[in-house]
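Starting off with a structure, shown below.
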Amino acid sequence: MRAMLYVLVLGLVLAFPALGQEEATQAQPEIAEHGLFVKLVPDEHLIEVEDNIRLSEPCSGEFRFTLNKNLEIGLFAGEGRQLVEYTIEPYEGEGTGETEETETVHVICADLPDNCQAFRIEYGGEIYDPIDPSTALGRVRGDYTSGIISEDGVYLSSETGWYADTEHSMARYNVCVRLPLGWVDVTQGTLEARESYPEYEQTFWQSEGIPSDGCVLVANQYQVRSRTIDGVECSTYFYEDDEELSNQFLDKLEEYLPAYQELFGPLPYPRFDIV
């Protein structure tokens, strides 16, 4: 009897790794890079996006990702502008792994052509989740929104679902943002250009080469002040009424940043922003 049990247990132990390997080979690739062209219309709560996506490896057939429910896809094309068919399913705990997103996003199930490693989607819609003021004492918990575009400011995070996302993606984000005159945006990466035109502002942010599990985009009518501290470009993005605080924050950074870099090593990014 013991010999039979040993053989049975050994068979199960050998079988489970094989099952795990089979699942691993069937897992879809992750999103490796985004090329995002974003237009924000704050007074109408609207966003328009063109996202040029590159996958970690070629994919054939089904590819699933999450996107905000309020964003309607206008174009979905593979390499060579071949149109991609897709269906929409409810979000049921997969995707980016954030349970709070269940009511914010749904799942796009795309049927990619054979050996597809890059595709483009164009979409847009309203993102406006009114801010829920904190009821906690002090600053233990801040005010909350899953994402908002309004005349009072823009806050978009990975939880918003404003770009295509998969559960385990560690991606690079290259972002071009178009804003109303007088508005300033900030996101991750290196600011390559900030340009003003007669009818809009436009910025270009280049990936720093370090993959990230999400991308945050913030915009408002900020006043920006910058100072190079210990080899790092440090900036404050404050409202005009609070601009006098910029020097106080930058002065404190001159105390803390060198101390932390000495303690933990160099900051792995060329920028440090206070927004």
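Just so it is clear, the values below take in all heavy atoms, side chains as well, and ignore hydrogens, waters and symmetry mates.
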Minimal heavy-atom distance between I31 and A164, with the atoms involved, is CD1-O, 3.7 Å
Under the rule for ring-ring contact (aromatic ring centres under 6.0 Å, His included), what residues qualify as partners of F249, not counting sequence neighbours?
F238
ILVMFWY network linking L36 to L75, side-chain heavy atoms under 4.5 angstrom
no
With a 6.0 Å cut-off (strictly less than), is the heavy-atom count around CD of E85, excluding the residue itself, greater than 12?
no
Does the side chain of T203 come within less than 4.5 Å of L191's, by heavy atoms?
yes
Using the rule that Ile, Leu, Val, Met, Phe, Trp and Tyr join whenever any side-chain heavy atoms are under 4.5 Å apart, tell me whether V275 and V224 fall into a single cluster.
yes
Does the E159 side chain pair with the main chain of T104, one donor and one acceptor, at a distance under 3.5 Å?
no
Taking the side chain as every heavy atom from C-beta outward, state whether I121 and I53 have any atom pair closer than 4.5 Å.
yes
Would you indicate whether E254, at its atom CD, is surrounded by more than 12 heavy atoms from other residues, nucleotides or ligands within a distance under 6.0 Å?
yes
Minimum heavy-atom distance between L40 and L217, given as atom pair plus value:
CD1-CD2, 4.2 Å
With sequence neighbours excluded, give me every salt bridge (charged side-chain N to carboxylate O under 4.0 Å, His left out) pair touching residues 185-198.
D185-R194
Minimum side-chain heavy-atom gap Q261-L267 below 4.5 Å:
yes
Just by modelled atom types, is the N70 backbone N or O under 3.5 Å from a matching donor or acceptor in the N68 side chain?
yes
Hey, are the side chains of C59 and C116 touching, using non-hydrogen atoms and a 4.5 Å cut-off?
no
Looking at C215, is its backbone amide N or carbonyl O close enough to the side chain of S158 to form a donor-acceptor pair, meaning the two atoms are under 3.5 Å apart?
no
What's the separation between atom OG in S146 and atom CH2 in W162, rounded to the nearest 0.5 Å?
14.5 Å
Are V184 and L245 grouped together when hydrophobic residues (ILVMFWY) are joined by side-chain heavy atoms under 4.5 angstrom apart?
no
Shortest non-hydrogen separation from P42 to V154 and the atoms involved:
CG-CG2, 4.5 Å
All pairs passing ring pair (Phe, Tyr, Trp, His ring centres under 6.0 Å) where residues 169-188 contributes a residue, at least two apart
H34-Y173, Y163-Y173
Taking all non-hydrogen atoms of both residues into account, name the closest pair between P270 and V232 and its distance.
O-CG1, 3.6 Å
Under the salt bridge (Lys or Arg N to Asp or Glu O under 4.0 Å) test, residues paired with D273 that sit two or more places apart:
R271
Can you sort out the partners of Y269 under ring-ring contact (aromatic ring centres under 6.0 Å, His included), two or more places apart, ordered by chain and number?
none
Please check if the side chain of S169 supplies one atom and the backbone of A171 the other of a donor-acceptor pair under 3.5 Å.
no
How many angstroms lie between NE2 in H106 and CD1 in I88, if you round to the nearest 0.5 Å?
4.5 Å
Residues two or more places apart in sequence or in another chain: which of them pass side chain to side chain donor-acceptor pair (under 3.5 Å) with Q206?
N174
Residue pairs involving residues 202-223 (criterion salt bridge (charged side-chain N to carboxylate O under 4.0 Å, His left out); sequence neighbours excluded):
none
Residues in side chain to side chain donor-acceptor pair (under 3.5 Å) with S60, at least two apart?
none
Side-chain contact, heavy-atom cut-off 4.5 Å: V107 with P90?
no
Report the C-alpha distance between S212 and Q188 in whole Å, list the side-chain angles of each, state the deciding distance to 0.1 Å, and finish with yes or no for side chain to side chain contact (heavy atoms under 4.5 Å, CB included).
CA-CA 9 Å; S212 170; Q188 57 210 51; 3.6 Å; yes
Does V41 share a hydrophobic cluster with V177, counting links as ILVMFWY side-chain heavy atoms below 4.5 Å and allowing steps through other members?
no
In Å and rounded to the nearest 0.5 Å, what is the CD1 to OG distance from I274 to S246?
8.5 Å
Closest non-hydrogen atom pair, S207 against R172:
OG-CB, 3.2 Å
Pick one: which of F63, Y123, F76, F65 meets ring pair (Phe, Tyr, Trp, His ring centres under 6.0 Å) with Y86?
F76
Check the pair E122, R120 against salt bridge (charged side-chain N to carboxylate O under 4.0 Å, His left out), reporting the backbone distance first and the verdict last.
CA-CA 7 Å; E122 297 178 6; R120 177 162 63 98; 2.2 Å; yes
For residues 234-247, pull every pair meeting salt bridge (charged side-chain N to carboxylate O under 4.0 Å, His left out), keeping only residues two or more places apart or in separate chains.
R225-E243
Pairwise distance CD1(I131) to CG(D143) - rounded to 0.5 angstrom
6.5 Å
Could you walk me through whether N247 and R227 pass side chain to side chain contact (heavy atoms under 4.5 Å, CB included), step by step?
CA-CA 9 Å; N247 286 331; R227 188 186 303 178; 3.5 Å; yes
Side-chain donor-acceptor pair present, T66, D165, cut-off under 3.5 Å
no
Under the ring-ring contact (aromatic ring centres under 6.0 Å, His included) test, residues paired with F272 that sit two or more places apart:
none
Has E72 got a side-chain atom pairing as donor or acceptor with G125's backbone, closer than 3.5 angstrom?
no
The side chain to side chain donor-acceptor pair (under 3.5 Å) partners of E233 (sequence neighbours excluded) come to T228
Going by side chain to side chain donor-acceptor pair (under 3.5 Å), name the residues that satisfy it together with E79, two or more places apart in sequence or in a different chain.
none
Whether H45 side chain and I149 backbone form a donor-acceptor pair below 3.5 Å
yes
Do V218 and V216 come close enough that some side-chain heavy atom pair is under 4.5 Å?
yes
For the hydrophobic clusters of this structure (ILVMFWY residues joined by side-chain heavy atoms under 4.5 Å, transitively), does one cluster hold both L112 and I73?
yes
Applying side chain to side chain contact (heavy atoms under 4.5 Å, CB included) to I47 and L71, what does each step give before you reach the verdict?
CA-CA 8 Å; I47 183 173; L71 302 179; 3.7 Å; yes
May I ask you to test the S150-Y128 pair for a side-chain heavy-atom distance under 4.5 Å?
yes
Please determine whether side chain to side chain contact (heavy atoms under 4.5 Å, CB included) holds for the pair T160 and I127, giving the CA-CA distance in whole Å, both sets of side-chain angles, and the decisive distance to 0.1 Å.
CA-CA 8 Å; T160 308; I127 294 179; 3.8 Å; yes
Judged by modelled atom types alone, do Q117 and N115 share a side-chain donor-acceptor pair under 3.5 Å?
no
Minimum-distance pair of heavy atoms, taken over all atoms of I210 and P268
CD1-O, 3.2 Å
Less than 3.5 Å apart, any donor N or O on the side chain of S56 or E30 sitting next to an acceptor on the other?
no
Measure the shortest side-chain to side-chain distance between L253 and E255 over non-hydrogen atoms and say whether it is less than 4.5 angstrom.
no
Under the 3.5 angstrom rule, does the side chain of E201 hit a backbone N or O of G182 as a donor-acceptor pair?
yes
Flag the pair R64 and E89 as a salt bridge only when some basic side-chain nitrogen lies within less than 4.0 angstrom of an acidic carboxylate oxygen.
yes
